[in-house]
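One structure is given here, and the rest of the page talks about it.
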There are 2 protein chains.
Amino acid sequence: MELTRARLRLYYGTLPFGPGKADLLEAIRDSGSISAAGRSMGMSYKRAWSLVEEMNAAFAEPLVASARGGAHGGGARLTRAGEEVLSAYRTILVKLIDHCAPEIAAIGARLRPGGVAEPDRPPADADTPQ
Amino acid sequence: MELTRARLRLYYGTLPFGPGKADLLEAIRDSGSISAAGRSMGMSYKRAWSLVEEMNAAFAEPLVASARGGAHGGGARLTRAGEEVLSAYRTILVKLIDHCAPEIAAIGARLRPGGVAEPDRPPADADTPQ
DNA sequence: GACGGTTATGTCCGAGAAAACATAACGACT
DNA sequence: AGTCGTTATGTTTTCTCGGACATAACCGTC
């Protein structure tokens, strides 16, 4: 059985930083707005915004710069710090998959071949986009 | 700010394997029983047992061998497969901390020095032992 | 044969998290 | 001045996971 997904959450004191925040940063960078980012990943604006607030409060300088009003209602973009934190997190995951391939495969090799018997599951059920 | 904790969860198809199961395996190995393991980590027996069941069902051969009745009511121990899966997971975490130290530090370096201002917290609050 | 500690399994309930819903403020543009 | 999409923030409802209980079966030991 192959590794499907890996979720890494780092705790710096009380601040957790994991896939949720990383994906959100990425979506904000790509879309230019918090609400569009939330929509694109099936997350309520409220939640997306509160994650942004949490990050901005925990870091010395904000990771996301936002503005309201204006041309298209406002928007948000990643700061340099935001870009670099996101990049560092992505690098960690890549290195993990890369350097730990033997151990990851060793676990996978011991799994039951077809996965555990789960009675008729509606196929191709998209990943719940946390 | 220093990294306090790292939680890695691996998904093989529908089976998640993370710190909860790894710690449980370790506690079973050390205590020789599912219930003692659960107690030692503040987890109900029911939950500990269901995690064991989930693992045993997902792997080709069980990770935990259990027996009921007998001298002291029964007990549980790790199989060879259990030992090796646990070992592989631990190795992954060690390698992660080791090889990704620069990126982990890079994120930590951008955090607000004293952590976010949290009004008077009862100090030395032990980690919630998930 | 009763005892005791454990495995095994089901049901019910509550806390905490996330979603849903509701509103206000903002400001470039028309 | 009005519009529009977004940021910002609060309140209420829903849902899910885990904890709390309850019970049975098992089997060396005394």
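Quick note on labels: first sequence line is chain A, next is B, and so on, each numbered from 1. Heavy-atom basis, side chains included; hydrogens, waters and symmetry copies ignored.
- Distance A/I34 CD1 to D/dG5 P: 18 Å, rounded to the nearest Å.
- For B/S35, the listed nucleotide lying nearest its side chain is C/dT7; candidates were C/dT7, C/dA18, D/dT9.
- Of the candidates D/dT9, D/dG19, C/dC29, the closest approach to any side-chain atom of B/R47 belongs to D/dG19.
- Nearest-nucleotide mapping onto DNA chain C: of B/G73 and A/G69, the residue sitting toward the 5' end is B/G73.
- When all heavy atoms of A/T4 and B/Y12 are compared, the pair lying nearest together is OG1-C, 3.9 Å.
- Within the 3.5 Å criterion, the main-chain N or O of B/G75 finds no donor-acceptor partner in the side chain of B/S66.
- Heavy-atom distances to DNA chain D give each of A/S50 and A/G74 a nearest nucleotide, and the one nearer the 5′ end belongs to A/G74.
- When each of C/dA20, C/dT7, D/dT6 is scored by its nearest atom to the side-chain atoms of B/S33, the top-ranked nucleotide is C/dT7.
- Straight-line distance from the CG atom of A/L51 to the P atom of C/dA19: 10 Å, rounded to whole Å.
- Taking all atoms of both residues into account, the shortest heavy-atom contact from B/A81 to A/R110 is CB-NH1, 3.7 Å.
- Here the C1' atom of nucleotide D/dT7 and the CD1 atom of A/I28 are 12 Å apart, to the nearest Å.
- Whole-Å rounding puts the B/R39 CZ to C/dG5 C1' distance at 9 Å.
- Rounded to an integer number of Å, the gap from CD of A/E54 to P of D/dA8 is 16 Å.
- Taking only side-chain nitrogens and oxygens, A/W49 comes nearer than 4.0 Å to OP1 or OP2 of D/dA8.
- In the hydrophobic clustering of ILVMFWY residues, with side-chain heavy atoms under 4.5 Å counting as a link, B/L8 and A/Y11 come out apart.
- Rounded to whole Å, the distance from CZ on A/R77 to C1' on D/dT6 is 16 Å.
- Using modelled atom types, no side-chain atom of A/K95 and backbone atom of A/C100 make a donor-acceptor pair closer than 3.5 Å.
- For B/Y45, whose side chain is taken as the heavy atoms from C-beta onward, the closest listed nucleotide among C/dA20, C/dG10, C/dT7 is C/dT7.
- Across all strands shown, B/G75 has heavy atoms under 4.0 Å from sugar-phosphate atoms exclusively, and none from any base.
- Taking all atoms of both residues into account, the shortest heavy-atom contact from A/R90 to A/D23 is NH2-OD1, 2.9 Å.
- Over its length, the helix from C/dG1-D/dC30 to C/dT30-D/dA1 turns its helix axis by 0°, as judged from the five terminal pairs at each end, rounded to 10°.
- Atom C1' of nucleotide C/dT9 and atom CD of B/E53 are separated by 9 Å, given to the nearest angstrom.
- Backbone-only engagement by B/A67 is indicated by non-hydrogen atom pairs under 4.0 Å involving sugar-phosphate atoms exclusively.
- Cluster membership for B/V94 and B/L10, using ILVMFWY side-chain heavy atoms within less than 4.5 angstrom, is not shared.
- Here D/dT23 presents its P atom at 15 Å from NZ of B/K46, a figure rounded to the nearest Å.
- Contact between B/A57 and A/R112 at its shortest, heavy atoms only, is O-NE, 2.9 Å.
- Nearest to the side chain of B/S44, among D/dT7, C/dT7, D/dG19, sits D/dG19.
- At least one side-chain nitrogen or oxygen of B/S66 sits closer than 4.0 Å to the OP1 or OP2 atom of C/dA8.
- For A/R68, counting side-chain heavy atoms from C-beta on, the closest listed nucleotide (D/dT7, C/dT6, C/dA19) is D/dT7.
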